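Encoded as structure tokens, here's the structure I'll be asking about.
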Amino acid sequence: MKKMFLDGNVAVALGSIRAGARFFAGYPISPVSELAEFCSHEMPKAGGIYVQMEDEIAAIAAVIGASLGGKKAFTATSGPGFSLMQENIGFASMAEVPCVIINGQRFGLSTGVATKPGQSDIMQARWGRHGDQSIIALTPASVQECFDLTLEAFNLAERFSSPVIVLTDATLAHLKERIRVPDPAEIKTVKRKEPQGPPEEYKPYQPDERGIPLLSYFGSEYILKVTGLVHTEKGNVSSDPGVCASLIDRLERKIYDYQEELPPPRYYGEEKAETVLISFGISARAAREGMRRALLEGISSGLIQLQTVWPFPEGAIRRLSSHASKVIVVEMNRGQVTREVERILPEGVEVNSLLRADSEVIYPREVLEKIKEVQ
Amino acid sequence: MDIPVRYGDYIDWDQLPHLWCPGCGNGIALKGVALALAELNIPLHKLLLATGIGCSGRAGNYVSFHSFDGTHGRTLAFCTGINVTQPDLKIIAFLGDGDCGAIGGNHLLHAARRNLNITVIEINNFNYAMTGGQFSPTTPLSSITSTSRKGKAEYAMDTASLVAEAGANYVASTTVYHTSQLNNFIKEALLTRGFSFVEVMSSCPTYYGRYNHIGDGPEMMKWFKEKTLPRDKYEKLSLEEKQNYIERGKLVQRNREDFLTTYKKRRKK
Ligand SMILES: Cc1ncc(C[n+]2csc(CCOP(=O)(O)OP(=O)(O)O)c2C)c(N)n1
Ligand code: SF4
Ligand SMILES: [Mg+2]
């Protein structure tokens, strides 16, 4: 273990390399340009490759290609680039290609404010692609979590044979904190299994008991057929309604049915609190401090900090807020997670939110004021 | 694994019949690929057919080796990641004219510029066939298509010249009528280290042939025979005469270092 003083961008990149990533493709964009720069010199030192592509469509495509070549691979971008990547992220879900996409969220739609933070790509991360599917999205709130959750993202991508999205933001990307970086020997990494048995009988999309396929790689003696068209277990094209239905069902359930295995929400503050905050990412830092000040003033309060935002951790949130009469969602957008919370909590729980969508972060004093306001 | 010596070993016969129309050129081009592979004795698992989306894009389903069928236009971007992580794999990208000339035009230029170790076979049937015969960037000026009923008003794109200009190591163009030239070009392209590109002008009797009153498969073959000229003969024509012909032949053959080799050398410094 080593203590290091890093920013969120570098912690993400280092977490990726420690997770075994050996390929990065990207296109420069604020606030993650430094992440790409770091990869351009560190990836080759680790025996990997950095490629600067002609745009973000190409960047995510190259990442998917590298993963099908048998390497762990990732890209990093922000709003405009994340929008461009959507079609190919959908392809990765359909073709079940493990890969990691970092979205350092910035303020606003379109070009927005390139240098300032936002948390308004939550719904885009979930629903940005056409067609039914499931996706995993993680939301680190500190530089330590940038390292830990990115590492976990690679493990989840391999375990679920799926793209995994990590949502940071412009503040976290440039925030410097002291973190614990475990030595490579202390790190548990997951790598997809190798197919076994006679190569002639190999079916890349034959699922195991958890609905996960076993992809070989291009160059393997186990011949791999990959397509974004609906396909059979062998990977051959099909439009048979039965094949369509079972594929779509499996793609959704292979993640939904095992969501309890994803990084669970953290809980801070008073157990069985009256007022429970729900937050994620950089906003959760302010929420935690605001909640601490409320406790000092004798207000019964707690915080649920989401580490996984998709699939939305419904069960855990219901459990952790079961004693609360009031909930306050704290987020830097116009209420994207608030909607989810309203959808899942039983009637009778009052759902409030503290929203900020002006390119500034939320401050602890605003959180404290909000807690007092709803009492 | 056994090394196949017959072109048929590279075809997945269980997937036939294919979905291509009678008289379509896609099968001739795919056979050209399979013949070259058999001649070069490349083992199946060392081969990838990466296709675009379109009629030509269905080719991957009919081969017995690795295949990849991604999103429309992006094949060469996917192949960038495949090439650098699997440098010993022979990558053949089988792309439509719309796929690599329109939506994927930028990726085509950059893949050629980077000099990736990939062979592109462009199936240029002068239209977007899969979606119903609309004009594409390579459709000749004045041609009739489902979106240019009175004749295309845009000039045509010469993909082969663009790729040559962008830096490819090997560029040639021919037609599905000139099969021995086709097979030879594909073989030379596969033997090239770095980026190679073979434009195959291909018959689409269902759309381009029908709309432009060229006729069925055999008539389109005749059209290719009469309408195309070897590059040296074409160059001797006057500007006016050139409008009546399409050139074919080899454009470029050179030996620039491929991307991965240069990248690795640089990183060692
Ligand atoms: C992003 C996107 N836009 C449009 C389409 C619809 N589409 C499918 S194939 C095709 C054109 C194919 O033309 P070409 O590449 O020349 O292939 P051909 O069918 O002629 O072989 C189009 C536009 C698509 N699949 N994806
Ligand atoms: S529509 Fe044209 S290109 Fe497509 S299969 Fe038929 S003949 Fe071939
Ligand atoms: Mg076409």
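Please read these numbers as outputs of a predicted model, since none were measured by experiment. The sequence lines fix the lettering, A, B, ..., with proteins before strands; numbering per chain opens at 1.
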So which part of R58(B) gets closer than 4.5 Å to some heavy atom of chain A, the side chain, the backbone, both or neither?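 When you check distances to chain A, only side chain atoms of R58(B) fall under 4.5 Å.
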Minimum heavy-atom distance T227(A)-D69(B), with the two atoms named: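 Shortest heavy-atom contact: OG1-OD2, 2.6 Å.
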Quick check on the interface: out of G70(B), G57(B), A50(B), who has the most heavy-atom pairs with chain A under 4.5 Å?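 Greatest number of close heavy-atom pairs with chain A: G70(B).
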Surrounding NE2 of H41(A) (heavy atoms of other residues, nucleotides or ligands, distance under 6.0 Å), is the total greater than 12?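 Enclosed: over 12 neighbouring heavy atoms sit under 6.0 Å from NE2 of H41(A).
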Go through the atoms of V237(A) and report whether side chain, backbone, both or neither lie under 4.5 Å from a heavy atom of chain B.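 Contact with chain B involves both backbone and side-chain atoms of V237(A).
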Can you establish whether the number of heavy atoms outside Q206(A) located under 6.0 Å from its atom CD is more than 12?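 Atom CD in Q206(A) is packed in, count exceeds 12.
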Would you indicate whether D240(A), at its atom CG, is surrounded by more than 12 heavy atoms from other residues, nucleotides or ligands within a distance under 6.0 Å?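 Atom CG in D240(A) is crowded, with more than 12 foreign heavy atoms closer than 6.0 Å.
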Mind checking the CG-OH spacing from L48(B) to Y217(A)? Nearest 0.5 Å is all I need.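 Reported to 0.5 Å precision, the distance equals 13.5 Å.
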Distance from M53(A) atom CE to N106(B) atom CG, nearest 0.5 Å?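 The CE atom of M53(A) sits 9.5 Å away from the CG atom of N106(B).
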Mind ranking G70(A), A66(A), A73(A), G90(A) by heavy-atom pairs under 4.5 Å with chain B and telling me who comes out on top?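 Going by pairs under 4.5 Å, I would pick A66(A).
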Atom CD of residue position E165(B) - does it have more than 12 heavy atoms of other residues, nucleotides or ligands inside 6.0 Å?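 It does not: E165(B) CD has 12 such atoms or fewer within range.
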Against chain A, label I53(B) side chain, backbone, both or neither, depending on which of its atoms sit under 4.5 Å from a heavy atom there.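 I53(B) has no heavy atom closer than 4.5 Å to chain A.
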What part of T232(A) gets within 4.5 angstrom of chain B, counting heavy atoms only: side chain, backbone, both, or neither?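 Interface part for T232(A): neither.
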Non-hydrogen atoms of chain A under 4.5 Å away: do they reach the side chain of T51(B), the backbone, both or neither?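 Looking at T51(B), nothing touches chain A.
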Distance (rounded to the nearest 0.5 Å) between N61(B) CG and K234(A) NZ: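 That separation rounds to 11.0 Å.
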Using non-hydrogen atoms only, which part of Y263(B) is less than 4.5 Å away from chain A: side chain, backbone, both, or neither?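 Looking at Y263(B), just its side chain touches chain A.
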Is there a side chain to side chain contact (heavy atoms under 4.5 Å, CB included) between Q52(A) and R114(B)? Walk through the geometry before answering. CA-CA 11 Å; Q52(A) 197 162 294; R114(B) 283 191 189 99; 5.8 Å; no
Of all the heavy-atom pairs spanning T80(B) and A62(A), show the shortest one and how long it is.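 Shortest heavy-atom separation between T80(B) and A62(A) comes out as CB-CB, 4.4 Å.
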To the nearest 0.5 Å, tell me how far F218(A) CZ sits from Q86(B) CD.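 Result: 10.0 Å between the selected atoms.
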CZ of F160(A): more than 12 outside heavy atoms within 6.0 angstrom?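 Atom CZ in F160(A) is packed in, count exceeds 12.
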Kindly compute the distance separating CD1 (I64(A)) from CZ (R74(B)), expressed to the nearest 0.5 Å.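 Nearest 0.5 Å value for the CD1-CZ distance: 12.0 Å.
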Run the side chain to side chain contact (heavy atoms under 4.5 Å, CB included) test on H66(B) and L68(A) for me, step by step, so that the C-alpha distance in whole Å, both residues' side-chain angles and the decisive distance to 0.1 Å come before the verdict. CA-CA 11 Å; H66(B) 294 285; L68(A) 289 169; over 6 Å; no
Using a 4.5 Å cut-off on heavy atoms from C-beta on, say whether the side chain of V84(B) contacts that of K71(A).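 When only atoms from C-beta onward are counted, V84(B) and K71(A) do not touch, as no gap falls below 4.5 Å.
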Ring centroid separation F91(A) to F78(B) under 6.0 Å: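 Centroid separation for F91(A) and F78(B): below 6.0 Å.
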Does atom NZ of K191(A) have more than 12 heavy-atom neighbours, drawn from other residues, nucleotides or ligands, at distances under 6.0 Å?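 It does: K191(A) NZ has more than 12 such atoms within range.
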Among the listed options G235(A), G219(A), P44(A), the residue most often paired with chain B at heavy-atom distances under 4.5 Å: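 Heavy-atom pair counts peak at G219(A).
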Atom pair CD1/CD1 of I57(A) and I103(B) - distance to nearest 0.5 Å: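 Nearest 0.5 Å value for the CD1-CD1 distance: 7.5 Å.
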Considering only heavy atoms and a distance below 4.5 Å, find which of H107(B), R113(B), K46(B), K90(B) pairs most often with chain A.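 Among the listed options, the one with the most contacts to chain A is H107(B).
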